[in-house]
Amino acid sequence: MVDKHLKICSLCQNPAVYLDREREIHLCSDHLITSVEEQVLIYLKKIDLPPVVGIAFSGGKDSTALLKAVCRILDQLSCRVVALTVDEGIERYRQETIRAAEETCSILGVPHYIIRFQDVFGHSLDQLVSGSDRNACTICGILRRRALEILARNHSIKVIATGHNQDDHAQTALMNAISGDVRKVFSGMGESPWYARRIKPFAEVSEREVTLYALLFGLFRDLPECPYASSSLRGEVRALLYRYERNHPGSMRHAARCEEEIRDRLGRIFERDPYQTCVSCGWPGSGRVCQVCTILTNEHPNRT
Ligand SMILES: [Zn+2]
Ligand SMILES: [Zn+2]
């Protein structure tokens with residue numbers, strides 16, 4: 001006799017592990033894995049990929065799942081991958097996640113390149129924010145972007161894939177709307193030959209799917225939380241969107257697509273402000289002095 005409470009995969013007769021509320025289908029572990037990898041493959045097939053693609057690899061759940069998924073479909077792509085990790089220099093947090101990242105790369109046989117804040121900026125994140133009331137996450141975000149870019153350049157990598165998923169996009173869409181700052185919608189969208197192109201193969205994959213994918217492959221580790229992580233607006237927006245998604249399946253996807261379409265349509269109408277060359281470091285930026293140099297000089301006014 002069949003247990004009525006035991007959900008069965010809609011595509012085969014195996015027990016289900018995932019319910020896609022929007023499509024109203026259940027998936028077993030094998031079909032969930034296939035579904036995630038198919039979505040990544042469809043995304044990557046649309047892109048003219050260079051011979052080497054860098055995967056921004058923090059060692060956390062999302063980037064580990066992405067690296068695994070791309071490795072498993074690599075024979076259907078005309079490129080190879082390398083993992084790029086930024087060590088921000090965060091005591092009692094980063095050492096452990098970097099060790100996890102190194103271990104994963106050696107298991108998957110993926111070349112792993114690491115760059116340290118200390119080496120490129122002369123200071124760790126801990127040193128830069130100690131005794132300062134500036135927001136560590138903001139500083140970290142700006143410096144990490146530059147460090148990743150330097151690492152990519154050092155290895156002639158023109159395309160960087162990040163582990164952002166559909167939920168991240170939906171949250172960003174709502175946060176941009178709340179902030180009321182139209183420029184934020186366009187941030188990072190300007191194509192510049194100077195910067196590596198950023199791609200997001202999990203753009204259409206939900207956080208739940210990514211998490212399950214990582215769990216099914218035993219990639220989910222109990223790693224420490226970043227001590228600087230603040231549960232500010234994003235946390236509230238995240239909870240709100242989960243509630244919408246539960247009551248109105250598809251909300252997350254619609255919010256993520258809405259942002260994408262706004263960027264796409266408005267991007268064709270408005271021209272992004274041209275990049276200026278930073279007088280201090282020579283990198284392109286939005287002002288006379290770029291954000292990175294502003295941070296480094298503000299935090300260390302006595303630096304020469
Ligand atoms: Zn199945
Ligand atoms: Zn600069």
Side-chain angles (χ1 to χ4, degrees), residues 2-42 65 68-69 72-73 86 88-89 115-125 127-129 132 134-135 138-154 183 187-188 190 192-196 198 204-206 208-218 272-304:
V2 179
D3 180 353
K4 276 195 291 189
H5 299 290
L6 182 69
K7 301 294 183 201
I8 296 296
C9 175
S10 307
L11 305 175
C12 70
Q13 289 303 303
N14 290 325
V17 295
Y18 177 71
L19 165 64
D20 184 328
R21 287 173 184 274
E22 197 183 359
R23 293 190 291 161
E24 292 183 332
I25 58 167
H26 288 89
L27 295 176
C28 66
S29 50
D30 284 354
H31 278 113
L32 184 272
I33 288 170
T34 310
S35 164
V36 168
E37 289 169 1
E38 267 173 6
Q39 291 178 80
V40 172
L41 188 61
I42 289 169
K68 176 76 177 176
R72 279 175 49 92
I73 58 170
V86 177
E88 302 90 350
I115 192 165
R116 298 168 68 224
F117 272 18
Q118 184 81 45
D119 296 335
V120 260
F121 305 122
H123 305 275
S124 66
L125 184 67
Q127 290 168 343
L128 284 167
V129 299
S132 147
R134 295 188 69 179
N135 185 305
T138 307
I139 290 177
C140 186
I142 292 165
L143 297 185
R144 198 173 50 234
R145 188 178 171 81
R146 171 71 60 89
L148 193 60
E149 204 64 51
I150 293 170
L151 187 58
R153 290 188 132 219
N154 290 348
R183 284 171 307 173
S187 65
S192 160
W194 186 281
Y195 291 110
R198 304 286 175 128
E204 302 270 324
V205 185
S206 71
R208 281 171 60 230
E209 288 173 283
V210 173
T211 305
L212 257 177
Y213 185 88
L215 273 171
L216 290 169
F217 279 111
R272 198 180 195 276
D273 292 338
Y275 284 110
Q276 296 182 46
T277 303
C278 172
V279 292
S280 178
C281 70
W283 278 67
S286 53
R288 224 179 120 261
V289 179
C290 76
Q291 285 180 306
V292 171
C293 291
T294 306
I295 287 170
L296 296 175
T297 44
N298 279 358
E299 292 300 325
H300 292 270
N302 297 330
R303 260 165 49 109
T304 51

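Computation of the quantities below employed the complete heavy-atom set of this structure, encompassing side-chain atoms and omitting hydrogens, waters and symmetry-equivalent molecules. Each ligand, and each atom within it, is numbered from 1 in the order the structure gives.
- In this structure, SG in Cys290 is found 8.0 Å from CG in Leu296, a value given to the nearest 0.5 Å.
- None of Leu27, Val205, Asp30 except one satisfies the side-chain contact (heavy atoms from CB on, under 4.5 Å) rule with Ser35; the exception is Leu27.
- In this structure, Glu204 and Ile42 have side chains that are not in contact, with every pair of non-hydrogen atoms separated by 4.5 Å or more.
- Partners of Glu149 under the side chain to side chain donor-acceptor pair (under 3.5 Å) rule, at least two apart in sequence or in another chain, are Arg198.
- In this structure, Arg153 is positioned above the aromatic face of Trp283, its NZ or CZ under 6.0 Å from the six-membered ring centre and within 45° of the axis.
- Note on the Zn ion (ligand 2): protein N/O/S atoms under 2.8 Å are Cys278 SG, Cys281 SG, Cys290 SG, Cys293 SG.
- Listed here is the closest heavy atom pair of Leu128 and His123: CG-CB, 3.8 Å.
- Tyr18 places no side-chain N or O within 3.5 Å of a backbone atom of Arg208 that could act as its donor or acceptor partner.
- The shortest side-chain heavy-atom distance between Arg146 and Gln291 does not fall under the 4.5 Å cut-off.
- For the Zn ion (ligand 1), protein N, O or S atoms under 2.8 Å: 4 in total.
- The side chain to side chain donor-acceptor pair (under 3.5 Å) test applied to Asp119 returns Arg116, not counting sequence neighbours.
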